[in-house]
Q: 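Pasting in a structure now, in structure tokens, and then I'll have a few things to ask.
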Amino acid sequence: MAPRLTLISPDFTRLWFGQAVSSIGDMVFSTTLMLWVATVLAKDESWAPAAVSGVLVAGGTAVLVVGPIAGVFVDRWDKIRTMLGTEVLRGGLVALLAAVSFLPADALPAGVWLALVYGTVLILHAAARFFAPARFTIIADLVTGDADRARAAGITQATSQTALIVGPPLAAPLFFTLGVQWAMLFNALSYLVSYIAIRSVRVAPAEKAPVDGNGTEEAADRRSGVLRELMAGLRFFGRSKFLVALLVFAVIGQFGAGALNTLNIFFTTENLGMSARLYGYVGMAIGVGGIAGALCAGRVVQWIGARRTTWASLLVSGALMIAYSRQTGFVGGIILLVLFTIPLTVLNTAMAPLLLSAASAEYRGRVVAVFQPMTQLAAMVAAALSGWLAGTVLRDFDASVAGLRFGPIDTIIAVAGLCILLSGLYARGALPDAETAEDGGPAGGSPGEEEAGEPAGPAEEATAKAAAAGTPAPPRRGSTE
């Protein structure tokens with residue numbers, strides 16, 4: 001019997017393959033940008049942490065400004081065409097930056113280089129705000145049933161974490177031996193592969209909009225109703241107590257993790273004593289923890305339940321992040337990063353099926369477009385604040401408490417871990433014992449769906465979520481998706 005070469009379905013497999021290649025390209029690109037800014041463009045400058053945080057702020061700004069509106073258009077447009085268009089735009093933009101980067105570093109002032117980097121990241125993230133909800137909706141169309149959707153979410157998370165293992169160790173040698181240009185070209189090529197994979201996916205055509213008495217599609221009148229549709233999506237989200245509760249946890253937790261995303265390169269080189277050339281292995285360690293979390297997520301939720309998984313994972317990850325801030329050696333830091341990422345991935349793996357269950361097809365794009373901008377806003381504020389504190393107010397900070405020495409970077413990371421810990425405490429008190437129809441959780445489905453009276457079984461419980469798209473997202477690149 002021939003071996004099975006598909007994941008859930010042939011179309012999902014092709015979509016997954018495109019994501020896998022694109023994710024590796026994104027990891028190479030984002031790790032390269034961090035290294036380029038920290039070790040070349042802002043080398044030995046006091047404002048280097050703020051310059052690195054600017055990469056994350058640029059991405060967060062795009063998510064915050066474009067995200068909510070993008071969801072409205074994604075709900076209207078053909079999803080496959082939307083994804084194809086964004087891949088063309090992103091691949092061309094990265095290729096253009098790669099061409100410019102062949103200039104010597106001193107050919108342009110540092111401020112101009114940073115403006116080019118931030119502008120590129122801004123547009124990439126803006127395009128991704130159309131790509132991500134469209135892909136989310138396509139998966140909902142390709143994969144039916146909570147069990148398969150949970151599998152799809154686990155596969156997606158495991159793939160992203162695998163990219164964390166493969167991408168950063170590949171990025172550092174490319175950057176230090178061949179230069180920044182080749183890492184960028186690698187990412188541009190990954191968008192081309194993703195384009196080809198998406199183009200091969202076949203999805204059943206959406207139902208046409210109803211017509212009025214004059215035979216005119218009602219959708220035609222909606223061209224000027226973007227704000228009205230956006231407000232309808234916000235009302236839908238606001239009526240779901242379950243989604244609102246998850247968003248609060250996500251914002252608090254993401255605020256904590258955003259600081260680590262910004263300062264981790266400085267913490268590993270200064271506090272852990274690592275060479276910048278080894279920084280890729282930090283991402284590799286996070287990827288190992290992410291895969292472990294993705295593999296055990298379903299069983300953990302089944303063992304202790306959705307509610308306990310949510311707050312317990314946040315509590316554990318917050319405590320581990322505080323412990324990580326106290327590390328002074330490479331081995332101990334790497335081990336703590338692996339452990340820290342596991343509970344976060346348990347939460348992230350369950351996010352997609354939860355949102356699919358809580359949102360009807362009509363609102364899926366807008367539900368994602370509410371959730372992601374808010375969590376990205378928290379990450380953006382955390383990135384800007386932590387970079388500013390590390391480079392200015394706390395630049396020369398040096399204190400000792402009970403024999404423990406505290407410097408600027410480890411202090412900020414410890415406070416960030418405390419934020420995640422607080423989100424876990426809040427989740428423990430705020431999450432209902434069971435998701436009900438009133439809460440808009442998996443048991444009840446989305447408002448107006450027929451499953452409202454059905455009790456939640458193991459598959460539904462396995463879709464519980466805790467903190468967000470980047471939930472506290474594992475410390476990583478400024479992802480473009």
Side-chain angles (χ1 to χ4, degrees), residues 30 33-34 37-38 41-42 45-65 67 111 114-115 117-118 121-122 125 247-271 282 314 317-322 324-326 337 340 344 371-399 401 406-426 467-479:
S30 58
L33 283 187
M34 294 291 189
V37 172
L41 301 181
E45 299 288 350
S46 61
W47 43 266
V52 172
S53 72
V55 177
L56 301 178
V57 171
T61 300
V63 174
L64 180 64
V65 175
L114 291 176
V117 170
Y118 297 160
V121 171
L122 183 73
H125 278 74
L247 180 60
V248 173
F249 314 149
V251 166
I252 299 174
Q254 186 76 339
F255 193 85
L260 184 59
N261 285 333
T262 302
L263 300 178
N264 205 28
I265 187 171
F266 301 101
F267 180 81
T268 54
T269 55
E270 296 175 14
N271 293 66
V282 172
L314 287 168
S317 59
L320 288 172
M321 187 170 175
I322 294 173
Y324 174 68
S325 72
R326 304 309 313 149
L337 272 180
F340 166 72
L344 294 185
F371 213 99
Q372 290 183 342
M374 293 304 297
T375 56
Q376 286 296 324
L377 174 61
M380 182 176 67
V381 172
L385 182 60
S386 59
W388 175 73
L389 288 173
T392 56
V393 177
L394 297 178
R395 179 183 176 188
D396 300 317
F397 179 77
D398 187 11
V401 178
F406 290 88
I409 303 298
D410 56 90
T411 298
I412 295 173
I413 291 177
V415 173
L418 182 61
C419 288
I420 297 177
L421 200 64
L422 291 175
S423 70
L425 292 174
Y426 177 70
T471 324
R476 56 189 177 97
R477 44 130 150 118
S479 171

Q: Which atom pairs, one a donor and one an acceptor, fall under 3.5 Å between side chains of residues 406-415 and the rest of the protein, sequence neighbours left out?
A:
| residue | atom | partner | partner atom | Å |
| --- | --- | --- | --- | --- |
| Asp410 | OD1 | Arg326 | NH1 | 3.1 |
| Asp410 | OD1 | Gly407 | N | 3.1 |
| Asp410 | OD2 | Asn271 | ND2 | 3.2 |
| Asp410 | OD2 | Gly407 | N | 3.0 |
| Thr411 | OG1 | Gly407 | O | 2.5 |

Q: Hey, could you give me the CD1/SG distance between Ile322 and Cys419, rounded to the nearest 0.5 Å?
A: 9.5 Å
Q: Do you know the tightest heavy-atom contact between Ala319 and Leu421?
A: N-CD1, 3.8 Å
Q: Which pairs of donor and acceptor atoms, one on a side chain in residues 387-396, lie under 3.5 Å apart (sequence neighbours left out)?
A:
| residue | atom | partner | partner atom | Å |
| --- | --- | --- | --- | --- |
| Trp388 | NE1 | Thr392 | OG1 | 3.4 |
| Thr392 | OG1 | Trp388 | O | 2.4 |

Q: Below 4.5 Å, heavy atoms only, C-beta onward: do Phe340 and Leu260 meet side chain to side chain?
A: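 The answer is yes; the side chains approach within 4.5 Å.
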Q: If you take all heavy atoms of Leu122 and Ala58, which pair is closest and at what distance?
A: CD1-O, 3.2 Å
Q: Check Val37 against Val55 and note the closest heavy-atom contact, atom names and distance.
A: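 Reported closest heavy-atom pair: CG2-CG2, 4.3 Å.
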Q: Applying side chain to side chain contact (heavy atoms under 4.5 Å, CB included), name anything that partners Ala416, two or more places apart in sequence or on another chain.
A: Ala259, Met321
Q: Do you know the tightest heavy-atom contact between Ser386 and Thr262?
A: OG-CB, 3.7 Å
Q: Taking side chain as C-beta onward, heavy atoms only, is Leu337 less than 4.5 Å from Asn264?
A: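 Answer yes - side chains close enough.
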Q: At what distance, to the nearest 0.5 angstrom, does OH of Tyr118 lie from CG of Leu33?
A: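 It is 10.5 Å, given to the nearest 0.5 Å.
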